[in-house]
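Heads up, the thing below is written out as structure tokens.
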Protein chains: 2
Amino acid sequence: MDESRKTAARLLSADTFGRTCPSRKVLDQVTSRWGTLVLAVLVTGPHRFAAIRDEVGGISEKMLSQTLKQLVRAGLADRSVDASVPPQVTYTLTEMGTDLATPLYQLVRWVGLHNGELEAAQRQYDARTG
Amino acid sequence: MDESRKTAARLLSADTFGRTCPSRKVLDQVTSRWGTLVLAVLVTGPHRFAAIRDEVGGISEKMLSQTLKQLVRAGLADRSVDASVPPQVTYTLTEMGTDLATPLYQLVRWVGLHNGELEAAQRQYDARTG
DNA sequence: CAGTATCCGCAGCGATACTG
DNA sequence: CAGTATCGCTGCGGATACTG
């Protein structure tokens with residue numbers, strides 16, 4: 001692409017900003033609607049399917065299944081099946097997954113902690129603009 | 001992290017996982033398709049509209065405008081207009097925005113740096129499953 | 001319990017054209 | 001230069017039902 005995109009791209013040591021860069025795919029998955037929350041749950045420890053579903057409010061089983069599949073495919077999570085009845089499936093972050101999820105977890109935590117300030121800022125903006 | 005069995009929500013000091021929690025709104029914006037990349041650009045310094053557009057590959061002006069508006073509304077970015085001809089508009093992260101964008105920036109950087117490993121893991125998975 | 005399969009609405013997004 | 005307006009579509013994601 002163009003040379004104007006040099007600054008941040010260079011700082012990032014890889015052109016993740018480029019439209020065609022494969023790392024954008026991973027970034028999109030990880031920062032997808034549910035990807036972030038699922039990773040943030042898994043970073044607190046191994047979880048079973050139903051446990052994740054219950055902890056992430058509002059996620060459908062379809063989307064959870066889909067999201068987990070993507071994470072496993074990307075090498076960020078492991079899926080281990082205990083062949084019992086009923087079956088037990090546990091999801092664990094890989095080492096890569098843990099590395100990646102750490103800043104993500106900090107983000108979620110930050111948002112949670114500063115929820116009040118965020119709401120206040122938004123209210124101010126809305127009042128200012130009408 | 002060891003104190004008995006606390007849910008991730010508790011560990012996060014706010015129920016960001018809750019469906020109705022307002023902080024989920026912010027999280028969704030920040031981790032949206034373009035939100036992440038725009039914030040990652042701005043964390044490297046103030047940028048003008050066209051500069052961001054050029055640096056984030058593939059973003060349309062409509063989406064950039066929309067994304068920036070959300071960030072300003074959330075109190076994460078400032079918009080300063082230099083009333084000249086042609087006009088100059090510069091976007092800067094607020095202090096809150098910088099705090100929030102830091103882990104996000106680390107995430108983008110991590111993905112960029114580990115692009116190779118990520119691709120390899122995915123190829124392995126695809127080969128394994130056919 | 002841990003998924004898969006199917007249908008489908010709607011909003012997110014891209015493309016294009018226009019404006020202060 | 002820095003946006004806004006409008007249209008049209010695609011695919012995300014919700015709801016529901018079914019299976020090993």
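All chains are named by letter (A, B, ...) in the order of the sequence lines, taking the proteins before the strands, and each is independently numbered beginning at 1. In this text, all values refer to a predicted model and were calculated from it rather than measured experimentally.
- Note that CD1 of B:Ile52 is 9.5 Å distant from OG1 of B:Thr67, once rounded to the nearest 0.5 Å.
- Remark: P of C:dA2 and CZ of A:Arg53 are 8 Å apart, rounded to the nearest angstrom.
- Atom CE in B:Met63 sits roughly 15 Å away from atom P in D:dG3 (whole-Å rounding).
- At least one side-chain heavy atom of B:Phe49 sits under 4.5 Å from a side-chain heavy atom of B:Glu61.
- Of the side-chain N and O atoms in A:Ser32, none sit less than 4.0 angstrom from OP1 or OP2 of D:dC12.
- Listed pair B:Arg48 / D:dC1 fails the phosphate criterion, with no side-chain N or O lying under 4.0 Å from OP1 or OP2.
- For B:Ser60, no side-chain nitrogen or oxygen approaches OP1 or OP2 of C:dC13 to under 4.0 Å.
- If you take CD1 of B:Ile59 and C1' of D:dA2, they are 14 Å apart, rounded to a whole angstrom.
- For D:dG14, the OP1/OP2 oxygens have a side-chain nitrogen or oxygen of A:Arg33 closer than 4.0 Å.
- In this structure, the nucleotide among D:dG13, C:dA2, D:dG3 sitting nearest to the side chain of A:Arg79 is C:dA2.
- Inter-residue side-chain proximity for A:Thr16 and B:Arg109 is flagged as unmet; no heavy-atom pair is nearer than 4.5 Å.
- The nearest whole Å value for the distance from the CG atom in A:Asp28 to the C1' atom in D:dC12 is 13 Å.
- Rounded to whole angstrom, the span from the CD atom of A:Glu61 across to the P atom of C:dT4 amounts to 11 Å.
- Under the rule for a side-chain hydrogen bond (donor to acceptor under 3.5 Å, both in side chains), A:Asp82 has no partner lying at least two apart in sequence or in another chain.
- Residue A:Leu64 contributes atom CG, which lies 11 Å from atom P of D:dG14 at whole-angstrom precision.
- With rounding to whole Å, A:Gln88 atom CD is found 12 Å from C:dG3 atom P.
- Distances shorter than 4.0 Å separate none of the side-chain N or O atoms of B:Tyr91 from OP1 or OP2 on D:dC1.
- With distances taken from any side-chain atom of A:Lys69 to the nucleotides C:dT4, C:dG3, C:dC13, the minimum falls on C:dT4.
- Only one option out of A:Val43, A:Thr36, A:Leu39, A:Leu42 pairs with A:Tyr105 in a side-chain contact (heavy atoms from CB on, under 4.5 Å); it is A:Val43.
- Between the side chain of A:Lys62 and the base of D:dG14 there is at least one donor-acceptor pair of N/O atoms closer than 3.5 Å.
- With rounding to whole Å, B:Gln66 atom CD is found 8 Å from C:dC13 atom C1'.
- Nearest-nucleotide mapping onto DNA chain C: of A:Thr90 and B:Trp34, the residue sitting toward the 5' end is A:Thr90.
- Residue B:Ser65 has a polar side-chain atom (N or O) positioned under 4.0 Å from OP1 or OP2 of D:dT4.
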Under the 3.5 Å Watson-Crick or G-U criterion, the dot-bracket string of DNA chain D, with | for inter-strand pairs:
||||||||||||||||||||
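- Annotation: side chain of B:Leu37 is in contact with side chain of A:Arg24 (closest heavy-atom distance under 4.5 Å).
- Minimum heavy-atom separation, A:Ala74 to A:Met96: O-CE, 3.8 Å.
- The closest donor-acceptor contact from the side chain of B:Thr102 to the backbone of B:Thr98 lies under 3.5 Å.
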